[in-house]
Amino acid sequence: MSDAQLWDDIDAYFTTLLSPEDEALRAARRESDAEGLPQINVTANQGKLLQLLARLQGARTVLEIGTLGGYSTIWLARALPEDGRLITLEYDAHHADVARRNLARAGLDRIAEVRVGPALESLPKLADENPPPFDLVFIDADKANNRPYLEWALRLTRAGSLIVLDNVVRHGQVTDAASTDPSVRGTRAALELIAEHPRLEGTAIQTVGSKGHDGFALARVLG
């Protein structure tokens, strides 16, 4: 058995036992596939991890940068109380339409709001609204802009907030300081910001599974 097959089998076992999908989640994946969205959403066990992190935070407000079809959005929104609020930012209008349908089907359209446009344009507009600080921020968009996304996350959170940065391993290329790949450079810049910023403490974890060799970073906002 190959390593990849073993990783798939273990993910399938963990998911079936600990994070099984209901019909709303399965429908979100089907709808996204039918509409031609790239198959890059988080896995079910990763979605469950995000949900648990939000619940451990006691989160009432969540900001997601990168919506795709709303699969991770559903996991996160389900962690919030009935009067909670989730804002998710999506560059592509078609992806946003699919996400809105998936959220409505899951009964979460009153909690989760999808905003369309480049996130680096949407974030200043959001800041101008002076929203309450977000308890959790999930960054899973274009990796070249990971550092500015992280900087905006800092502005929009409070002491004790949690920031999750996805896909930080970049197929192992994250260790290459000479890389010219914008995604690698953007990810390294974000990790360096976590390391050096006085208001952040964090770590990064590499993972294997049905998504292959990947990983994520966690950062806690300090006072």
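- Distance alone, capped at 3.5 Å, is enough to place a donor-acceptor pair between the Glu90 side chain and the Asp92 backbone.
- Under a 3.5 Å cut-off, the side chain of Glu35 and the backbone N or O of Gly69 do not form any donor-acceptor pair.
- A donor-acceptor distance shorter than 3.5 angstrom exists from the side chain of Thr157 to the backbone of Leu154, with no hydrogens or angles considered.
- By the criterion of side-chain heavy atoms lying less than 4.5 angstrom apart, applied directly or through intervening Ile, Leu, Val, Met, Phe, Trp or Tyr residues, Ile194 is not grouped with Ile205; the two fall into different hydrophobic clusters.
- Among all heavy-atom pairs drawn from Ala190 and Leu150, the shortest one is O-CD2, 3.4 Å.
- The line from CD of Gln57 to CG of Leu80 is 11.5 Å long, rounded to the nearest 0.5 Å.
- Distance CG/Asp109 to CG/Leu103: 7.5 Å, rounded to 0.5 Å.
- Between the side chains of Gln173 and Ser179, no donor-acceptor pair is found at a separation under 3.5 Å.
- Between Arg29 and Glu21 there is a salt bridge, since at least one side-chain N of the basic residue sits less than 4.0 Å from a carboxylate O of the acidic one.
- Cluster membership for Leu200 and Leu165, using ILVMFWY side-chain heavy atoms within less than 4.5 angstrom, is shared.
- A pairwise comparison of heavy atoms in Ala127 and Pro131 identifies O-CD, 4.1 Å as the closest pair.
- Of all heavy-atom pairs between Gly172 and Thr175, the closest is O-OG1, 3.3 Å.
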- prompt: Taking it one step at a time, do Arg85 and Arg60 satisfy side chain to side chain contact (heavy atoms under 4.5 Å, CB included)?
  reply: CA-CA 6 Å; Arg85 186 186 190 198; Arg60 302 184 66 84; over 6 Å; no

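- Considering all non-hydrogen atoms of both residues, Phe134 and Ser161 come closest at O-OG, 2.7 Å.
- Taking Arg155 as the reference, nothing meets the salt bridge (charged side-chain N to carboxylate O under 4.0 Å, His left out) condition, with sequence neighbours excluded.
- Taking 4.5 Å as the limit, every side-chain heavy atom of Val137 sits out of range of all side-chain heavy atoms of Leu156.
- Judged by distance alone, the side chain of Ser19 and the main-chain N or O of Lys48 form no donor-acceptor pair under 3.5 Å.
- Using a cut-off of 4.0 Å between Lys/Arg side-chain N and Asp/Glu carboxylate O, Glu23 and Arg105 are scored as not salt-bridged.
- The distance from atom CD1 of Ile139 to atom CH2 of Trp152, rounded to the nearest 0.5 Å, is 13.0 Å.
- Atoms CG and OG1, on Leu191 and Thr203 in that order, are 10.0 Å from each other to the nearest 0.5 Å.
- Checking Leu120, Val116, Leu123 one by one against Leu89, the side chain to side chain contact (heavy atoms under 4.5 Å, CB included) holds for a single residue, Leu123.
- A donor and an acceptor atom, one from each side chain of Tyr91 and Glu121, are nowhere located under 3.5 Å apart.
- Nearest approach of Ala59 to Pro81, heavy atoms of both residues: O-CD, 3.5 Å.
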- request: Verify salt bridge (Lys or Arg N to Asp or Glu O under 4.0 Å) between Asp181 and Lys143, making sure each step is shown before the conclusion.
  value: CA-CA 10 Å; Asp181 183 325; Lys143 310 309 173 185; over 6 Å; no

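- In this structure, the side chain of Thr73 does not engage the main chain of Glu64 through any donor-acceptor pair within 3.5 Å.
- A pairwise comparison of heavy atoms in Ile74 and Ala24 identifies CD1-O, 4.3 Å as the closest pair.
- Heavy-atom contacts from other residues, nucleotides or ligands closer than 6.0 Å to CZ of Arg110 number 12 or fewer.
- Salt bridge status for Lys211 with Asp166: absent, with no side-chain N to carboxylate O gap under 4.0 Å.
- Atom CZ in Arg185 sits 7.5 Å away from atom OG1 in Thr180 (nearest 0.5 Å).
- Judged by distance alone, with hydrogens and angles left aside, the side-chain atoms of Thr16 form no donor-acceptor pair with the main-chain N or O of Tyr13 at under 3.5 Å.
- With no hydrogens or angles considered, a side-chain donor-acceptor pair links Thr43 and Gln46 at under 3.5 Å.
- A donor and an acceptor atom, one from each side chain of Thr88 and Glu113, are nowhere located under 3.5 Å apart.
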Ignoring hydrogens and angles, write down the donor-acceptor pairs under 3.5 Å from the side chains of residues 212-223, residues two or more places apart or on other chains.
| from | atom 1 | to | atom 2 | distance (Å) |
| --- | --- | --- | --- | --- |
| His213 | NE2 | Gln206 | OE1 | 2.7 |
| Asp214 | OD2 | Asn167 | ND2 | 2.7 |
| Arg220 | NH1 | Glu201 | OE2 | 3.3 |

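- Dense packing is recorded around NE2 of His94, with more than 12 heavy atoms of other residues, nucleotides or ligands lying under 6.0 Å away.
- The hydrophobic clustering, which links ILVMFWY residues whose side-chain heavy atoms are closer than 4.5 Å, places Trp7 and Leu18 apart.
- Using a 4.0 Å cut-off between charged nitrogen and carboxylate oxygen, Arg101 and Glu31 count as a salt-bridge pair.
- The closest donor-acceptor contact from the side chain of Ser2 to the backbone of Gln5 lies under 3.5 Å.
- In this structure the side chain of Ser32 never reaches within 4.5 angstrom of the side chain of Asn41, judged on heavy atoms.
- Within the 3.5 Å criterion, the main-chain N or O of Val114 finds a donor-acceptor partner in the side chain of Arg100.
- Connection of Ile65 to Leu193 is established within a shared hydrophobic cluster, with ILVMFWY side chains joined at heavy-atom distances below 4.5 Å, either directly or through further cluster members.
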- prompt: Hey, mind stepping through Leu162 and Asp135 against side chain to side chain contact (heavy atoms under 4.5 Å, CB included) and telling me if it holds?
  reply: CA-CA 6 Å; Leu162 182 67; Asp135 301 313; over 6 Å; no

field: Derivation of the side chain to side chain contact (heavy atoms under 4.5 Å, CB included) call for Thr61 and Leu136
entry: CA-CA 7 Å; Thr61 55; Leu136 185 147; over 6 Å; no

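- A salt bridge links Glu129 and Arg115; the closest N-O separation between the charged side-chain nitrogens and carboxylate oxygens is under 4.0 Å.
- A distance of 8.0 Å separates CG in Leu68 from CG in Asp140, rounded to the nearest 0.5 Å.
- A donor-acceptor contact under 3.5 angstrom links the side chains of Thr187 and Asn146, judged on distance only.
- Under the 4.0 Å criterion applied to side-chain N and carboxylate O atoms, Arg188 and Asp176 are not assigned as salt-bridge partners.
- Leu108 and Trp75 fall within the same hydrophobic cluster, defined by Ile, Leu, Val, Met, Phe, Trp and Tyr side-chain heavy atoms under 4.5 Å apart, directly or through other members.
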field: Full working for side chain to side chain contact (heavy atoms under 4.5 Å, CB included) between Phe138 and Val42
entry: CA-CA 12 Å; Phe138 178 45; Val42 302; 4.1 Å; yes

